[in-house]
Amino acid sequence: MPGSITPFRQYVLKVCSRCDLACDHCYVYAHADQSWHAKPKVISDQTVAMAAGRIAEHARNHALDQVRVVLHGGEPLLTGRQRLASICARLRETIEPVCGLSLRIHTNGVLLDEAFCDMFAQHRVTVGISLDGDRAANDRHRRYADGRSSYDQVMAAIALLRGDRYRHLFAGLLCTIDVGNDPHATYTALAALRPPRIDFLLPHATWDAPPPAAAPGLTPYADWLIAVYNQWRAGPDQVPVRLFESVIATSRGGASTTEALGLTPSDLLVIETDGSIEQVDSLKVAYDGAPETGLDVAGHDLDEAARHPGITARQQGLAGLCATCRACPVVTTCGGGLYAHRYRSGTGFANPSVYCDDLKKLITHIRSGLTGPVTSVPAAAAPQRRKHTMPAAHFATLATGYGDDQAVSHLAAAHLSITRGLLGQVRDKMAGTPADDAAWEILTAVDPAVLDGVLTHPYVRAWALRCLRDPGERADHLSAVAAAAAIRAGLPAELTVPVQNGYLHLPGLGRLRTPAASDVTISTGPDWFSAQAAADAQYHVKFADPGSAWEPVRRLHAAGTSVALEDTDPYRNCHQWPAAPRLTGGEARRWQENYLQAWELITREYPAYAAGLASGLTTITPLSTDTAGSEISAAARQAFGAVAAALPDSPDTLALLLLHEFQHVKLGALFDLFDLFDHEDTQLFYAPWRPDPRPAGALMQGVYAHIAVTDFWRVRRHQLAGEEAQNAAARFALWRAQTTEAAQTLATSGAVTALGQRFADGMLATLCQWHDEPVPPAATKLAAQWAQRHRATWEARTPP
Ligand code: SF4
């Protein structure tokens, strides 16, 4: 019964059960559970194959689009480079035919060198490093068994990951808190390394084995974290800190991003070096054998693990907490803290966290400084927005930056559904007018497929939205929509249609120039209509031979595709730049010539985008070049299927603009269906293509569009020669680095929802696979100069 359990999306795969350090706060070796003694030192090929097979089987059974596997230990680098490479290869070849795979390794860093990094780049493995702060902080616990410091080796590893070559692999730093370390010095030291994210972990403890600094009436961990939080919050350039972001997100009704806090059901499973299936590692702190399930990958599928009482206990949200926690005012953010920290002999896990007082104080402090509403309603009880669904495979393919015809058709169908709903709202708004009944009768009488043909026109939705927001907008344009439907259906009808600025508009068909100042009554038939515009102005428009007063929407044609060249609709002016006026015949011909060549280039060189474009791009809207130069383009969320552009100088550039803008079209449509980011999050981020800081949703849009831009130059550099090729290579290097950095910022921002996280991981997976592709040194240098220049300009104009 695949649907009756919470499937696992995250796995910790133990590849080595030994460590080269002897950190005294380690939960594997220094706490109650001592099962590591009996485990194989290194996982076998056979166990890896079985584990990969089980993960793929589970993903297939539950239609998961993405899973994450973290290679862990002990110290996973002790497994050796060759063995790790073969483990990664086996995981990818087994899991990726089923779903996306995000691979990460978590290491103490002391063995990390260029050879490891090259291998991780090849296998697209991101790297998290444990570091407890500055030298003094790190040396308190992270030492070799003989007492030697590991600090210099760890810093060398981090320096490697911070360099241009491996920056895209750097996943972040993990710091275990010791309140004996100065909080400001610790945060300053970690933040100075500019990691994509910092994780602060409370030292593992239970009511039986309390935290090292615990004392009655004191809250040393809250005080320490509050000091860090205040510094972090006041800082001009915050490094993402998962703990703080999670408190903020859940306080605003969002999802937790850490298992240490919140009510989000756990979806994490551990597979040991001997193939045994275990619960989260942190349970090792509770009692000997606490994480065990009695299951293993050789004999049990992962659905059995998902039904294990120890696993389901961490998936019950509020209902799984003790009475004290359920009544707590910060429970939606705290969630009783980390499951392991609730343990007490006799009562098991039915207790508040041993860090209860600290958690309450920290959460209350953070909430007190937030602007906007703070919610104390558990997410499950909060009002839900209208639900939309999408097959997981479609979501996964869109998350990679691509999207085949089926995925894009799904978006188009959702757009139609939304537009139909908007039409109903407009009808309600104009209820009682004579035009209302006549128009609505037509809209409900025509074949639904014909109506869909009219509603596919992007600017019907743009009009409906304007109409619902602006009391002065022409609601009676509904009659024009109905008239277009009647003509397409060949239905005889009589409708009164508004005249705007001297034109009677029929959406998707064209416009009639008329001397009438206001409404015109038209009669319709198969591919014709007649209009009595004035006593001496009678028009009979046959589309096969329309006459000079009729200005049809022209179409652009290329092999296997045809799109509208929309320069008549009064609602096309919803883009960032002003729409061009009606094109001359010569201008329309130039569009046709450029479009033909641009489409040939797209189908030949960018087939991964072509199918989606052919399925979803219905309209190109010319923009005015009067004010902004020739290379301007835009897409509007309220106009699905339309790309607006000024005709650029070359078909190549038109191809690039179409690829770029259609990414916005796809993601805008996904935003209609799902919450991919936290709308309440107020963070602003550096976006390397913009002069101004951007919120999470805009950053996601930019990353998505620049995946296509990066891909364009990635391919194009091989088709050009000389300086052009060099320039294209530099653009590829620039956008590969910049887009990856922005995607990492997004993925680690805490500003995305769980679904948004999967989308961000999908984008990152596509970007990371391009980092193996060589670029000439001169192009790399040029790209670095461009990037530095943009950053410097941005910093100069962005207030701290
Ligand atoms: S603060 Fe304490 S009582 Fe409140 S939810 Fe957390 S652990 Fe439970």
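One-based numbering, in listed order, for ligands and for the atoms of each. Positions are given from 1, in the same order as the sequence printed here. Worth saying up front: this structure is predicted, and the values here are computed from it rather than measured.
- The only member of Asn108, Asn138, Leu131 that meets side-chain contact (heavy atoms from CB on, under 4.5 Å) when paired with Ser150 is Asn138.
- The count of protein N, O or S atoms under 2.8 Å from atom 4 (Fe) of ligand 1 stands at 1, with waters excluded from the count.
- The ring of Trp224 has its center no closer than 6.0 angstrom to the ring center of Tyr221.
- In this structure, Arg68 pairs ionically with Asp761, as a charged nitrogen and a carboxylate oxygen lie closer than 4.0 Å.
- Side-chain N/O atoms of Thr293 and Glu304 include no donor and acceptor closer than 3.5 Å.
- Ring pair His341/Tyr343: centre-to-centre distance not below 6.0 Å.
- For Ala157, the side-chain contact (heavy atoms from CB on, under 4.5 Å) partners at least two apart in sequence or on another chain are Leu112, Ile129.
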